[in-house]
Participant: 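One structure, as structure tokens, below. Some questions next.
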Amino acid sequence: MTASRWARHLLLACGIAILLWSGVEDNDALAVSLLGALLALALAALLMPRALKSLASAATVGAVFGAVASLSTFALMLFKDLRHAHAFPDYPPHMLLGMLERLPAWALAGALTGLGCGLLLRLRRAQQRD
């Protein structure tokens with residue numbers, strides 16, 4: 001299966017998971033963080049095949065993955081708050097802002113992960129040539 005096809009399947013699975021998650025009364029940050037990371041992973045899967053030409057581009061895609069994970073988690077939290085429209089939201093404003101405060105750390109972690117993946121793939125190619 002190609003990377004873009006895998007990413008499309010991942011996006012479809014993520015959409016179904018978001019549909020199921022959004023109807024449930026839940027204020028746990030772990031589930032929404034995992035869904036946000038899953039969305040970001042699908043985006044990274046679309047971008048990564050083009051980014052493996054250099055280590056810098058692999059690190060950039062990783063940083064984008066980390067930043068998008070934080071932003072998509074924030075957007076999902078806001079979506080659920082707006083969809084349910086309770087007097088007391090599932091995710092209060094300080095929790096939403098806390099997710100945005102994690103953006104730099106998650107982007108750095110994503111960049112380091114992308115760099116590591118780029119190094120591993122480069123080593124694998126070098127071993128296959130030998």
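Just so you know, these numbers use all the heavy atoms, side chains as well, and skip hydrogens, waters and symmetry mates.
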Participant: Do you reckon L71 sits in the same ILVMFWY cluster as L30, going by side-chain contacts under 4.5 Å, direct or chained?
Facilitator: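 L71 and L30: separate clusters.
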
Participant: With the 4.5 Å side-chain cut-off for hydrophobic clustering, are L123 and L55 part of the same group?
Facilitator: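 L123 and L55: separate clusters.
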
Participant: Check whether any side-chain N or O of D81 sits under 3.5 Å from a backbone N or O of P89 as a donor-acceptor pair, and report yes or no.
Facilitator: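 Not at all, since once roles are kept as given, no pair shorter than 3.5 Å links the two residues.
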
Participant: Given 3.5 Å as the limit, does a donor-acceptor pair link the side chain of S70 with the main chain of A67, or not?
Facilitator: no

Participant: Judged by modelled atom types alone, do S57 and S54 share a side-chain donor-acceptor pair under 3.5 Å?
Facilitator: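 Short answer, yes.
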
Participant: Show the numbers, then the answer: is there a side chain to side chain contact (heavy atoms under 4.5 Å, CB included) between T113 and F65?
Facilitator: CA-CA 10 Å; T113 302; F65 166 72; 6.0 Å; no

Participant: To the nearest 0.5 Å, tell me how far L108 CG sits from R102 CZ.
Facilitator: 15.5 Å

Participant: How many angstroms lie between CG in L41 and CG in L38, if you round to the nearest 0.5 Å?
Facilitator: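 It comes to 6.5 Å.
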
Participant: Does the K80 side chain pair with the main chain of G23, one donor and one acceptor, at a distance under 3.5 Å?
Facilitator: no

Participant: Between G118 and A58, what is the shortest heavy-atom contact and its length?
Facilitator: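 For G118 and A58, the tightest heavy-atom pair comes out as CA-CB, 4.2 Å.
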
Participant: I'd like to know if the side chain of Y91 and the backbone of D28 have a donor-acceptor N/O pair within less than 3.5 Å.
Facilitator: yes

Participant: Could you please spell out the steps behind the side chain to side chain contact (heavy atoms under 4.5 Å, CB included) verdict for L39 and V68?
Facilitator: CA-CA 8 Å; L39 274 173; V68 169; 5.9 Å; no

Participant: Rounded to the nearest 0.5 Å, what's the gap from CG on L11 to CD1 on I16? Could you check?
Facilitator: 11.5 Å

Participant: Write down the atom of A7, the atom of A42, and the distance for their closest heavy-atom approach.
Facilitator: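 Between these two residues, the closest heavy atoms are CB-O, 3.7 Å.
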
Participant: Considering all heavy atoms of both residues, which atom of A69 and which atom of A37 are nearest to each other, and what is their separation?
Facilitator: CB-CA, 4.1 Å

Participant: Applying side chain to side chain contact (heavy atoms under 4.5 Å, CB included), run through T73 and L35 and close with a yes or a no.
Facilitator: CA-CA 7 Å; T73 302; L35 284 173; over 6 Å; no

Participant: Nearest 0.5 Å, please: how far is SG in C14 from CG in L76?
Facilitator: 7.5 Å

Participant: May I have the step-by-step check of side chain to side chain contact (heavy atoms under 4.5 Å, CB included) for W106 and M99, ending in yes or no?
Facilitator: CA-CA 10 Å; W106 285 16; M99 196 52 66; 3.7 Å; yes

Participant: Closest approach of M77 and A29, non-hydrogen atoms and distance?
Facilitator: CE-CB, 4.5 Å

Participant: State the CG-CE distance between L100 and M95, to the nearest 0.5 angstrom.
Facilitator: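 So the gap between those two atoms works out to 13.0 Å.
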
Participant: What about L103 and F79, same hydrophobic cluster or not, with Ile/Leu/Val/Met/Phe/Trp/Tyr joined at side-chain heavy-atom distances under 4.5 Å?
Facilitator: no

Participant: In the structure I gave you, are the side-chain heavy atoms of L20 and V24 within less than 4.5 Å of one another anywhere?
Facilitator: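 SC-SC contact between L20 and V24 ruled out.
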
Participant: Do F74 and L82 belong together in a cluster built from hydrophobic side chains that touch within less than 4.5 Å?
Facilitator: yes

Participant: Rounded to the nearest 0.5 Å, what separation is found between the CD atom of Q128 and the CZ atom of R124?
Facilitator: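 Q128 atom CD to R124 atom CZ measures 5.0 Å (nearest 0.5 Å).
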
